[in-house]
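Written below as structure tokens is the structure these notes are about.
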Amino acid sequence: MHFLKKTLPIFAILTVLLLTACGNDNEKSTAKTSPDKIKFLETSELLTLNTTAEEDFASFTAQNQVFEGLYTLDQKDNFVPGVADGMPEISADQTKYKIKLKKNAKWSDGSQVTADDFVYAWRRAVDPKTAPGYSALFKDSIKNATEINEGKLPVTDLGVVATDPTTLEITLKKPVPYFISLLSFETFFPQKESYVKKQGDKYGTDSAHTLYNGPFVMKDWGGNITNKWTYAKNDQYWDKDNVKVNEIDVQVAKDINAGVNLYNTNEADRVPLSGDFAKQYKDKKDFQTEKDALISYLRMNQKRDGKTTPLANNSLRHALNLAVDKKQLTDRILGDGSFPANGLLPKDFVQNPTTGADFRTDSGDHLVYNKEEALKYWKQAQKELGTNKVTIELLGDDQETTKTIFAYLKAQFEDNLPGVTIKVKNMPSKSATQLTSDGNYDLSLAAWMPDFKDPWTYSSLFLSDYFNNHMSYNSPAYDKLVKSTDTTLATKPEERWNAFVSSEKVLLDDDAAILPLYQHQTAVLQRTDISGVQKHAFGSPYSYKFIQVEK
């Protein structure tokens, strides 16, 4: 999610938990689901309900159920008013937004959600004392956010004011084509100042110290060491009549085998699958695959501990890229519907503003598996490096699917590029993320789900001066193209689009700076009488507001 989201930033966040295991086809999945209470599983603990804190995949999902921003996404990923009482009034130069708020938008304590609640939350998001990694979204868009974050201006100078309780006026530093998309993102959600200050450091750390304005409220969450929580219908929510489920009980099942057992014994109504389980259940009536815009790739670090790495060699990077049979990876190793990624931007995410063509259609495929070409590049790299042997460390988390993917990649690199040795390094996700952030790695596994609907969320990752570029990649040509989309071309949609297409070709065809692996698809088992679980292509992974249970 950017962001871990999304990496973390998290952007991170954005980290994908893909778990592989084997189990029994013990099908007892015919129980009738009750609209009063349904049971879901998560693959990791919920870490925070503070929308201005660093976040993770589970937290983004949870926050989107219990909070709501100015705009939200409908069941087709269109932007629709949430707390806002309509679409914004936008100035001719596209730098000023005026947004009216619904008068019946309320917090779970019955008080009105006001424009000041947004002003307070946004100031927290850029204040250097409280700002998360996602402050970058504000610094990229809102007037004075960068200066405030750097301690040069007070937070009161942020370009957002409440002219009255239901009117918000926003001044941008420049035209931002995707700004409405940002307004549906969690870090732009409101916070009630008096409540947050009363809770102090406990705010957002458990269900009892959090105030809600979304379709649900959180119950029975004791903090980030708790493996269970409940979403309960929010009776104060302005659109409560369209929320059809009363409670959603959630428990954490990190192991897919355990999750499938819970599903087959009717202790869960929905369970994520991967690997062998996806293959085993793909013909069942309750098997589903969900489209995902998440791209998994390998970072290639060109400088480590201040010293140039072998990966600074362009020929070696090309050789590694062309040495991986991605189709075999997705079909035989993952088996969950994921498919090869031959580009940075995902399929079915953004479209040409003039023709409507998908980005992948306009940009085409890059760095497609070719064993013979890989070997040619490797021989060239050997000459340029002055050696016939290279040892490269491959860093990732300690989840079973990561280990399985790494075993496959090691075999591909070493078999197809004789003289290359891969040293696999698996460790807890937090530790692996820290090493990556510190630039202390050679190759590391990354996953990125877009925070908002625009190519910038991907392309900005590899700017030479961008905070999330942890691979010492520096291309003046790439920088010039991508930065033009945020400056001179910001109000020229077609030219801006072409610049993004060209920048992807520089990143991949010219520089082979990263190794795209696959576009993730989510495989699940879900009761056939449940519908309306909305999977989003950007922003928060899921919305549960639309869930219905067939009676």
Side-chain angles (χ1 to χ4, degrees), residues 27-43 57-58 60-68 71-82 184 214-219 229-235 237-251 253 256 259-260 262-274 277-278 280-294 336-338 348 449 520-551:
E27 206 169 355
K28 297 180 182 178
S29 57
T30 58
K32 189 71 176 176
T33 310
S34 169
D36 293 324
K37 180 177 291 190
I38 59 178
K39 297 163 286 189
F40 281 7
L41 299 178
E42 279 282 1
T43 55
F57 198 82
F60 273 107
T61 294
Q63 290 171 15
N64 203 46
Q65 316 320 319
V66 297
F67 304 119
E68 186 171 76
Y71 298 95
T72 187
L73 301 177
D74 66 12
Q75 290 168 285
K76 295 183 179 179
D77 278 357
N78 297 312
F79 301 110
V80 295
S184 69
F216 300 92
V217 300
M218 183 73 77
K219 292 172 52 180
W229 59 89
T230 298
Y231 303 117
K233 183 176 179 178
N234 182 3
D235 289 336
Y237 181 56
W238 65 270
D239 197 26
K240 64 182 179 181
D241 290 345
N242 285 316
V243 180
K244 305 299 183 183
V245 173
N246 292 324
E247 283 194 359
I248 303 173
D249 286 346
V250 180
Q251 63 177 309
I256 296 298
V260 171
L262 289 170
Y263 184 85
N264 285 334
T265 56
N266 299 317
E267 295 300 316
D269 297 315
R270 174 183 164 92
V271 59
L273 303 175
S274 65
F277 279 116
Q280 178 180 342
Y281 285 93
K282 66 180 180 180
D283 295 325
K284 304 296 182 181
K285 63 180 180 180
D286 46 357
F287 176 85
Q288 299 181 16
T289 56
E290 299 170 334
K291 289 185 178 181
D292 203 328
L294 187 146
D336 58 2
S338 297
D348 298 328
M449 178 179 171
H520 184 244
Q521 301 287 274
T522 302
V524 302
L525 289 177
Q526 179 178 296
R527 305 292 175 209
T528 56
D529 54 0
I530 294 177
S531 62
V533 177
Q534 180 61 36
K535 181 71 180 292
H536 298 300
F538 55 91
S540 176
Y542 288 98
S543 289
Y544 296 158
K545 172 181 176 177
F546 311 109
I547 292 177
Q548 296 191 49
V549 178
E550 180 182 336
K551 297 181 181 179

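Worth knowing before you read on, the calculation uses all heavy atoms, side chains too, and leaves out hydrogens, waters and symmetry mates.
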Report the C-alpha separation of Phe538 and Phe79 in whole Å, then their side-chain angles, then the decisive distance to 0.1 Å, and conclude whether the ring pair (Phe, Tyr, Trp, His ring centres under 6.0 Å) test is met.
CA-CA 12 Å; Phe538 55 91; Phe79 301 110; 5.7 Å; yes

Is there a side-chain contact (heavy atoms from CB on, under 4.5 Å) between Thr522 and Tyr542 once you walk through the steps?
CA-CA 12 Å; Thr522 302; Tyr542 288 98; 3.7 Å; yes

For a side-chain contact (heavy atoms from CB on, under 4.5 Å) check, start with the C-alpha distance between Asp336 and Thr289, then their side-chain angles and the critical distance, and finish with the verdict.
CA-CA 8 Å; Asp336 58 2; Thr289 56; over 6 Å; no

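Partners of Gln534 under the side chain to side chain contact (heavy atoms under 4.5 Å, CB included) rule, at least two apart in sequence or in another chain, are Gln75, Asp77, His536, Ser543, Phe546. Remark: Glu42 engages no residue in a salt bridge (charged side-chain N to carboxylate O under 4.0 Å, His left out) (not counting sequence neighbours). In this view, Asn242 and Asp239 satisfy the side chain to side chain donor-acceptor pair (under 3.5 Å) rule, not counting sequence neighbours. Judged as a side chain to side chain contact (heavy atoms under 4.5 Å, CB included), and not counting sequence neighbours, the contacts of Lys39 are Asp249, Asp269. The side chain to side chain contact (heavy atoms under 4.5 Å, CB included) test applied to Thr528 returns Lys285, Asp286, not counting sequence neighbours. Remark: Lys240 pairs with Lys233, Tyr237 by the side chain to side chain contact (heavy atoms under 4.5 Å, CB included) rule, at least two apart or across chains. Residues passing the side chain to side chain donor-acceptor pair (under 3.5 Å) test with Tyr544, sequence neighbours excluded: none. Remark: Asn78 pairs with Asp74 by the side chain to side chain donor-acceptor pair (under 3.5 Å) rule, at least two apart or across chains. When the side chain to side chain donor-acceptor pair (under 3.5 Å) test is applied to Tyr71, no partner is found at least two apart in sequence or on another chain.
Side-chain N or O atoms of Lys244 include one that pairs as donor or acceptor with a backbone N or O of Asp241 at under 3.5 Å. A donor-acceptor contact shorter than 3.5 Å links the side chain of Ser338 to the backbone of Gln521.
Pairs passing the salt bridge (charged side-chain N to carboxylate O under 4.0 Å, His left out) check and including a residue from residues 530-543, sequence neighbours excluded, read Asp292-Lys535.
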